[in-house]
Q: 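Here's a structure for you.
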There are 2 protein chains.
Amino acid sequence: MPASVLEIVRDELLDYQGSGMSIMEMSHRGKVFDAVYKESIDRLRKLASIPEKFDILYMTGGASTQFALIPLNFSGKGRTAGYVNTGTWSEKAVEQAKLQGVDVFMAASSQSEKHNHIPAVIEKKAGLDYLHITSNNTIYGTQYHTLPDPGDTKLVIDMSSDFLSRPIDWKHIGMAYAGTQKNAGPSGLTVVVIDREYYSREKSDTPTMFRYSTYGKNESMYNTPPTFQIYVFNLIMKWIESTGGLTGMDKVNQEKAKYIYDAIDASPNAYIGHSKKESRSLMNITFNLTDKSKEDEFQKGAQNLKLSGLKGHRSVGGFRASVYNAMPVEGCKILAQYMNEFGEAI
Amino acid sequence: MPASVLEIVRDELLDYQGSGMSIMEMSHRGKVFDAVYKESIDRLRKLASIPEKFDILYMTGGASTQFALIPLNFSGKGRTAGYVNTGTWSEKAVEQAKLQGVDVFMAASSQSEKHNHIPAVIEKKAGLDYLHITSNNTIYGTQYHTLPDPGDTKLVIDMSSDFLSRPIDWKHIGMAYAGTQKNAGPSGLTVVVIDREYYSREKSDTPTMFRYSTYGKNESMYNTPPTFQIYVFNLIMKWIESTGGLTGMDKVNQEKAKYIYDAIDASPNAYIGHSKKESRSLMNITFNLTDKSKEDEFQKGAQNLKLSGLKGHRSVGGFRASVYNAMPVEGCKILAQYMNEFGEAI
């Protein structure tokens, strides 16, 4: 998280803006929190240019809970929904749809090539309840750079790992959702942006808390929302505004990722990027060493420079640099320089 | 929340115990957070004397989500579960069971007397999947002082509004759950204590995130839990330990409530307590003025003493003093003194 945001949270922790109380202690139905809530909704709508037909919901349970709620509300037993498989998170989403008896239409998959790219072609099928995609794949380091055209249905997008990292084109979207813990705050808040038209698809016997309309019709306060997370999320969005909004954030993220990808490309004798160039993620940069026996040496050298968390996921192996919004440019430069030096020595 | 806890959160906000990072930024799979998680689980088990057969789960979505998950996992269409209706929250729980086609057996109800007491007698019925009760009723100001014997089934208890306010007798309990926002932290965390035997009742087509065993078998980390709330919850428990554990907390809560109930009883010409004496809640003290035309005057006088949030819920009217764990004794004394003076003048 940006240090400037953490400093505000610290400074206001015992006394939120002269109220004499911590934001954590305030009733979600009180005037003070209500103002925070409204400000955050207005800010997100403006920041991400969200059209009026969408509601913004504050939920909990993370993307994994959404994997179940989406088919529960918008598809169902014997109905057909489309999915694109670009890795572990997509697979988990598919699994939850199948568990509910949904007929899953696999519109595209990168599985046979170890998820090293985003499929360029999506098979169309008429009458899908929705087409689900994962906009960024944390494990494999791939990312959509243009959203696909879903044909006669709408996209439902898991944006958990690149939410608010770049502008969003809402044209083909029916719903987008994101746990906030990667780019937009602490864990414990799931932001859902949903076309209100979707509420009409809900079934009458779905439990109240499992329906999107329960949140939509009660300003996400049918019961107590995670108030502290909403407060921090609002501060994070303010910080993004101060860096030039989503266009500015995207520019910085492009710059950050370029340092590291350039280092990979500059030393082909040392590094193999996992993702094909056209699908490279700006959030998660995955690479292996050509000589795997040097992994420990590479890791130790990085740790000496206080570059931590570089170990790749076991599905890909090697290394992964996660350069979410709050990661400073300077950190990426240091890593790139280290990678260049390490690469030149090979 | 206790000021001493807020101060720790503030002081550690940018640098958790010398790690150089905020607890909010840490991976839930990292060593530092794992230690916080384990410490909090051990602390709760010891603090509330939770027998070994129970798992402690960290979930989200509040009690309202539990209202749906309980019948989904432990009962179902055409099966029978028991409920005691002691007010609005019980009714919401019943509603979610009925929505799923559960045959609800109403074992007792205080509805006909405006929920002014906890039913002394519970009708027994063989073969109930569970018997659901609400241990404290925030709106009506009533509370169980002894848990009822559920016969051949077990109790499932919503403890959201009196969790960790007093010792818990686990003898008849199958599961107890609580949103932490009243007595045990900020909103956004639901603590569930569940007999592991219950997992075997889950159905194979229930979505992964809706099953208790998913949390139980993954130390509540099948996906990212609300890490900040778990951290604060642990600090709140430390604070409760420092006041003498649940026995000490109960003693303080008894003392706090007594000041206010004594003030109600001392001026019967001025006040009518809503709850019958034997069912009085130590958390929420509800009363009306005998002369309702004096409500504004009472309210203004209280506000002059900085006693806020006293307006009763619309279902009961009048006034409600909520004296959760973190409310200092001094605040209760000030309210009681004000009530005595106001009462004597009538």
Side-chain angles (χ1 to χ4, degrees), chain A residues 1 3 6-7 9-15 20-25 27-28 30 59-69 71-72 92 95-96 99-101 160 179 181-182 185-190 204-210 214 222-230 232 306 309 326, chain B residues 1 3 6-7 9-15 20-25 27-28 30 59-69 71-72 92 95-96 99-101 160 179 181-182 185-190 204-210 214 222-230 232 306 309 326:
Chain A
M1 285 174 55
L6 289 173
E7 282 163 12
V9 174
R10 178 196 60 198
D11 295 345
E12 293 183 338
L13 202 89
L14 273 81
D15 182 5
M21 282 174 84
S22 176
I23 191 81
M24 280 190 257
E25 302 177 284
S27 165
H28 63 291
M59 300 177 70
T60 59
S64 298
T65 300
Q66 296 297 320
F67 298 163
L69 292 178
L72 185 68
K92 283 178 181 270
E95 192 186 299
Q96 295 303 312
L99 198 59
Q100 294 178 39
S160 292
Q181 68 271 14
K182 298 293 184 198
S187 62
L189 175 64
T190 312
S204 60
D205 61 349
T206 299
T208 305
M209 289 299 287
F210 298 168
T214 299
Y222 177 81
N223 75 340
T224 316
T227 53
F228 181 76
Q229 272 82 349
I230 293 170
V232 179
K306 298 200 172 167
Chain B
M1 284 173 57
L6 290 172
E7 282 163 14
V9 175
R10 179 196 59 197
D11 295 346
E12 294 183 338
L13 202 88
L14 272 82
D15 181 4
M21 282 174 83
S22 176
I23 191 83
M24 280 191 257
E25 304 178 283
S27 165
H28 62 291
M59 300 177 70
T60 58
S64 298
T65 299
Q66 297 297 320
F67 297 163
L69 292 178
L72 185 68
K92 282 178 183 270
E95 193 185 300
Q96 295 302 312
L99 198 59
Q100 294 178 40
S160 293
Q181 68 270 12
K182 300 293 184 199
S187 62
L189 176 65
T190 312
S204 60
D205 61 348
T206 298
T208 306
M209 290 298 288
F210 298 168
T214 299
Y222 176 82
N223 75 340
T224 317
T227 53
F228 181 77
Q229 272 82 349
I230 293 169
V232 179
K306 299 201 172 168

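Convention: sequence-line order gives letters A, B, ...; per-chain numbering from 1.
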Q: Evaluate the side-chain proximity of B:Lys92 to A:Thr208: yes if any heavy-atom separation is below 4.5 Å, no if none is.
A: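 When only atoms from C-beta onward are counted, B:Lys92 and A:Thr208 do not touch, as no gap falls below 4.5 Å.
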Q: Once rounded to the nearest 0.5 Å, what's the spacing between atom CG of B:Leu189 and atom OG1 of A:Thr60?
A: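 Reported value, rounded in 0.5 Å steps: 10.5 Å.
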Q: Taking A:Pro226, A:Gly188, A:Ala68, A:Ser64 one by one, which has the highest count of heavy-atom pairs under 4.5 Å against chain B?
A: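 Ranked by contacts with chain B, first place is A:Ser64.
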Q: Mind checking what makes side-chain contact (heavy atoms from CB on, under 4.5 Å) contact with A:Thr224, not counting sequence neighbours?
A: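 For A:Thr224, the residues satisfying side-chain contact (heavy atoms from CB on, under 4.5 Å) (neighbours in sequence not counted) are A:His28, B:Gln181, B:Ser187.
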Q: By side chain to side chain donor-acceptor pair (under 3.5 Å), which residues pair with A:Thr65, not counting sequence neighbours?
A: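 A:Thr65: no side chain to side chain donor-acceptor pair (under 3.5 Å) contacts found.
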Q: Does any heavy atom of chain A fall under 4.5 Å from the side chain of B:Ser204, the backbone, both, or neither of them?
A: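 Answer is backbone: N, CA, C or O of B:Ser204 sit under 4.5 Å from chain A.
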Q: Quick check for you: among B:Leu69, B:Leu99, B:Val9, which has the greatest number of heavy-atom pairs under 4.5 Å with chain A?
A: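 With the most close heavy-atom pairs to chain A, the winner is B:Leu99.
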Q: Using side-chain heavy atoms (C-beta onward) and a distance below 4.5 Å, is A:Met209 in contact with B:Gln96?
A: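 Sidechains of B:Gln96 and A:Met209: no contact.
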Q: Name the member of B:Gly62, B:Gly61, B:Ala3 that forms the most heavy-atom pairs with chain A at distances under 4.5 Å.
A: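 Winner by heavy-atom pair count: B:Gly61.
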Q: Only pairs of heavy atoms separated by less than 4.5 Å count here; which of A:Arg10, A:Glu7, A:Glu95 has the most with chain B?
A: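 Of the candidates given, the most pairs with chain B belong to A:Arg10.
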Q: Which region of B:Pro225, side chain (C-beta onward) or backbone (N, CA, C, O), has a non-hydrogen atom less than 4.5 Å from a non-hydrogen atom of chain A, or is it both or neither?
A: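 Backbone only.
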Q: Would a 4.5 Å heavy-atom cut-off, applied to side chains only, mark B:Leu72 and A:Phe210 as touching?
A: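 B:Leu72 vs A:Phe210: side chains touch.
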